[in-house]
Amino acid sequence: MNTLKNKLGLYLVTDRSWADEKGLCQQVEASLKNGVTFLQLREKDLAKEKFLVLAKEMKNIAKDYQVPFVINDAVDIALACDADGVHIGQEDDDVVKTRERLGEGKILGVSVGTVDEAVKAVKEGADYLGVGAMFPTMTKDDASAIAFDTLRGICDAVDVPVVAIGGINSDNIKELKGGGICGVAVVSAILAKEDCGAAAEELRNKCDVLFSEVRDNE
């Protein structure tokens, strides 16, 4: 598990709405080249055939940079492209069913917002947890802010790696120090920037300073 913990420092979640003329794949590659350590492909409205084509392309990019690659929610796409795993939210299929479909050899991440949800998800097979939204975010209109004490409580209650997500950027990331997380998941903090590589490098440097003691312990 420490290997996974050390891979979750700077976690990029894709969003095509932020793609510039260079295209999402080029933005992602620039981000991985400059410090992103974990990649999640999130597609909510793409036809299955196009989704699979994009997933295979993203998987190859992630493989080139030796970065774990997971698919948001779609287990069938993850299995079809031989992704490293799946990430699901509370509104998606339950953890037990997802683990059964995915198999034991794959990574399973789960979004949680309370200690009870976190403990349940780990008991049912989650390998890591995403906690948020920590700050107001344009990416998910229905996301509600999670208190820092709740984040700390979740990290104390589980023995799997935890990343914070939601509205995190290079200015507010320092507010998460001491929360017990091993990294952060971001979307617009990288993909909305004109220079994704530079944004990734800046965030990676800050993650290394803020969370290295959590990732390297144990």
Side-chain angles (χ1 to χ4, degrees), residues 5-44 58 61-62 65 67-70 72 87 89 109-113 118 128-155 161-215:
K5 179 183 288 186
N6 290 329
K7 288 286 189 180
L8 287 166
L10 181 55
Y11 181 141
L12 178 62
V13 182
T14 69
D15 184 341
R16 280 183 297 124
S17 68
W18 294 107
D20 62 14
E21 69 276 6
K22 297 176 183 176
L24 182 61
C25 288
Q26 288 191 27
Q27 289 178 297
V28 167
E29 181 160 13
S31 305
L32 268 60
K33 186 177 183 180
N34 288 280
V36 164
T37 60
F38 199 95
L39 177 63
Q40 178 188 146
L41 177 61
R42 182 170 64 188
E43 292 293 341
K44 293 292 189 182
M58 286 287 180
I61 295 171
Y65 293 92
V67 168
F69 172 60
V70 299
N72 184 73
H87 186 95
V110 180
S111 294
V112 299
Y128 74 93
L129 303 176
V131 179
M134 297 309 305
F135 304 99
T137 172
M138 295 181 292
T139 306
K140 295 189 73 173
D141 294 337
D142 59 344
S144 57
I146 299 293
F148 183 83
D149 287 346
T150 299
L151 175 66
R152 177 78 254 183
I154 288 171
C155 292
V162 177
V163 296
I165 188 170
I168 299 166
N169 56 47
S170 61
D171 294 325
N172 61 27
I173 189 174
K174 59 182 180 293
E175 297 177 33
L176 299 172
K177 181 176 176 59
I181 57 176
C182 62
V184 294
V186 299
V187 186
S188 60
I190 291 179
L191 296 181
K193 302 298 183 183
E194 184 174 351
D195 188 338
C196 294
E201 184 176 13
E202 181 183 11
L203 281 169
R204 172 62 183 276
N205 290 336
K206 292 186 176 183
C207 285
D208 286 346
V209 172
L210 293 172
F211 311 128
S212 59
E213 63 183 25
V214 175
R215 295 200 306 270

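The residues of the chain are indexed from 1 along the displayed sequence.
D15 places none of its side-chain heavy atoms less than 4.5 Å from the side chain of S188. Using a 4.5 Å heavy-atom threshold, the side chains of V184 and K206 count as separate. F69 places a side-chain heavy atom less than 4.5 Å from the side chain of M58. In this structure, the side chains of K174 and V209 stay at 4.5 Å or more apart for every pair of heavy atoms. Contact annotation: the side chain of V36 never approaches that of V28 to less than 4.5 Å [non-hydrogen atoms, C-beta and beyond]. Residues L151 and I181 have side chains in contact (heavy-atom distance under 4.5 Å, counting atoms from C-beta outward). The shortest distance between side-chain heavy atoms of I173 and F211 falls below 4.5 Å. Residues F135 and D171 fail the side-chain proximity criterion, which asks for heavy atoms closer than 4.5 Å.
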Item to check | Stepwise side-chain contact (heavy atoms from CB on, under 4.5 Å) test for L191 and L24 | outcome: CA-CA 8 Å; L191 296 181; L24 182 61; 4.2 Å; yes
Checklist entry - Given the rule in the side-chain contact (heavy atoms from CB on, under 4.5 Å) test, do Y11 and Q40 qualify, once you have shown the distances and angles that lead to the verdict? => result CA-CA 8 Å; Y11 181 141; Q40 178 188 146; 2.6 Å; yes
Checklist entry - Step by step, would you call L39 with T14 a side-chain contact (heavy atoms from CB on, under 4.5 Å)? => result CA-CA 8 Å; L39 177 63; T14 69; 3.9 Å; yes
Checklist entry - Are H87 and F38 close enough, and set up right, to give a side-chain contact (heavy atoms from CB on, under 4.5 Å), and what steps lead you there? => result CA-CA 12 Å; H87 186 95; F38 199 95; over 6 Å; no
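Checking side-chain atoms of R152 against main-chain N and O of G178 turns up a donor-acceptor pair under 3.5 Å. Between the side chain of N172 and the backbone N or O of G167 there is at least one donor-acceptor pair closer than 3.5 Å. With hydrogens and angles disregarded, a donor-acceptor distance shorter than 3.5 Å links the side chain of T37 to the backbone of L10. Although no hydrogens or angles enter the test, the distance criterion places no donor-acceptor pair under 3.5 Å between the side chain of K5 and the main chain of C182.
A pairwise comparison of heavy atoms in G197 and N34 identifies O-CB, 3.2 Å as the closest pair. Taking each heavy atom of G179 and C155 in turn, the nearest pair found is O-SG, 3.3 Å. A pairwise comparison of heavy atoms in K193 and A199 identifies CG-CB, 3.7 Å as the closest pair. Considering every non-hydrogen atom in both M134 and A164, the closest pair reads CG-CB, 3.7 Å. Closest heavy-atom contact between I190 and S31: CG2-OG, 3.2 Å. For Y65 against E29, the heavy-atom pair with the smallest separation is OH-OE2, 3.0 Å.
Remark: N205 CG to L210 CG distance equals 11.0 Å, nearest 0.5 Å. The distance from the CD1 atom of I168 to the SG atom of C207 is 8.5 Å, given to the nearest 0.5 Å.
Residue K33 qualifies as open at atom NZ: its count of foreign heavy atoms under 6.0 Å is 12 or below.
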